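Encoded as structure tokens, the structure appears first; notes follow it.
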Amino acid sequence: MFSYRHAFHAGNHADVLKHTVLIATLQHLLQKDAALTVLDTHAGAGLYRLDGDYASTSGEAADGILRLLAPGAPTPLAPALQDYLDMVRAFNQGASTRVYPGSPFIAQRLLREQDRIKLFELHPTDARALAGNIAQLEAGRQVAVLVEDGFECIKKFLPPPARRALVLCDPSYEIKSDYARVQDMLQDALKRFATGVYAIWYPIIARPEAHELPRRLKTLANKAGKPWLHATLTVKSGKQAQPERRPGLPASGMFLINPPFTLEAALRQALPQMAQLLAQDRHSSHVLEVGS
Ligand code: SAM
């Protein structure tokens with residue numbers, strides 16, 4: 001079974017990027033009345049304690065969300081980044097940030113009565129935690145937790161009843177084959193439901209598969225004749241030049257097919273601020289590119 005546990009990484013710079021994009025995308029999609037289906041192919045545990053053992057051990061949130069929430073963080077922030085911070089604050093009481101919402105809770109909080117969310121999580125411990133956390137919401141039929149392979153099992157939900165869906169695909173990439181599975185899943189999903197919004201997170205690391213993935217996704221989107229958006233956030237050099245610093249993910253990216261037309265402008269404002277505020281060395285940077 002997998003050893004990846006998102007609790008170690010919750011609230012890190014990659015979550016800042018991913019969850020800012022998720023919120024901005026959902027806000028746009030929820031402007032239309034018709035029901036939306038959200039498929040979260042790799043859901044995680046849903047809620048994380050930032051003062052718990054996992055997060056304290058890794059300290060990743062300290063260089064992520066906690067930097068943005070620290071007193072003295074510059075204002076005004078870009079609206080998309082501000083909406084993300086407001087979302088995290090909504091899960092916490094008072095000034096301290098102890099709880100970090102994962103993608104299932106962020107999405108569920110934004111959804112309306114008519115919308116549905118399916119959460120796929122294969123790790124038995126995280127699936128149990130997710131089911132327990134979701135049960136407390138008493139959200140009834142709106143939220144379904146499925147202990148199933150998200151890559152494979154979204155097929156049965158595409159196309160969705162009202163023909164509106166956001167698929168968030170956020171694997172741990174613990175297994176090398178995850179990169180190819182993302183591509184296969186997208187290819188199949190676009191055949192089943194060409195107008196869906198697909199949002200893929202991936203790590204930018206020194207591994208050929210990781211390097212190749214955005215290039216392959218661009219080719220896939222271009223061949224399908226679909227618009228795409230690619231955003232990356234780098235917080236430090238990929239080379240471990242400073243041995244005294246703990247290793248960690250240097251950068252990550254979000255690739256969207258059929259992105260909301262409002263997302264590019266939102267990220268043009270938010271990404272430079274993320275790169276500036278989350279920089280761990282002078283190599284911090286961002287990229288935003290779109291294709292149609
Ligand atoms: N999306 C979550 C968020 O933003 O809060 C974080 C998800 S975490 C990066 C990836 C999760 O996928 C892990 O909890 C892992 O156990 C789970 N997982 C790995 N392979 C899976 C698969 N094939 N189907 C469903 N879940 C899987």
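Computed from a prediction, not measured in an experiment: that's the story for all the values here. Order of listing sets the numbers, starting from 1, for every ligand and every atom in it. Counting begins at 1 with the first residue of the sequence.
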**Prompt:** Applying a strict 4.0 Å limit to heavy atoms, is His19 in contact with ligand 1?
**Reply:** yes

Hey, does [X] come in under 3.5 Å of ligand 1, counting only N/O atoms on both sides?
X      : answer
Leu122 : yes
Lys18  : yes
Ser172 : no

Distance under 4.0 Å to a non-hydrogen atom of [X]: what atoms of ligand 1 satisfy this?
X      : value
Glu148 : 24 (N), 25 (C)
Thr41  : 24 (N), 25 (C), 26 (N)
Gly150 : 22 (C), 24 (N), 25 (C)
Gly102 : 5 (O)
Asp149 : 22 (C), 23 (N), 24 (N)
Asp126 : 14 (O)
Asp170 : 1 (N), 2 (C), 3 (C), 4 (O), 6 (C), 7 (C), 8 (S), 9 (C), 10 (C)
Ala43  : 1 (N), 2 (C)

**Prompt:** Hey, would you say the Tyr100 and Phe91 ring centroids sit under 6.0 Å apart?
**Reply:** no

**Prompt:** Among pairs that include at least one residue of residues 15-39, which meet salt bridge (charged side-chain N to carboxylate O under 4.0 Å, His left out), considering only residues two or more places apart or in two chains?
**Reply:** Asp15-Lys18, Lys18-Asp170

**Prompt:** Going by the angle between their ring planes, with limits at 30° and 60°, are Tyr48 and His6 parallel, tilted or perpendicular?
**Reply:** perpendicular

**Request:** Look at the aromatic rings of His42 and Phe151 and report parallel, tilted or perpendicular, splitting at 30° and 60°.
**Result:** perpendicular

**Message:** With no hydrogens and no angle check, just 3.5 Å: does a side-chain donor-acceptor pair link Gln108 and Gln142?
**Reply:** yes

**Request:** Could you list all the ring-ring contact (aromatic ring centres under 6.0 Å, His included) pairs where at least one residue sits in residues 261-292, not counting sequence neighbours?
**Result:** His28-Phe261

**Request:** Just let me know how His6 lines up against ligand 1, side chain, backbone, both or neither, with a heavy-atom cut-off below 4.0 Å.
**Result:** side chain

**Option of least heavy-atom distance to atom 13 (C) of ligand 1 (set: Arg181, His42, Glu121)** = Glu121

**Asked** Hey, is CZ on Arg282 packed in by over 12 heavy atoms from elsewhere, all under 6.0 Å?
**Response** no

**Complete:** Heavy-atom nearest pair, Pro214 first then Phe255, reads O-CE1, 4.1 Å

**Asked** Donor-acceptor pair, Asn92 side chain versus Arg98 backbone, under 3.5 Å?
**Response** yes

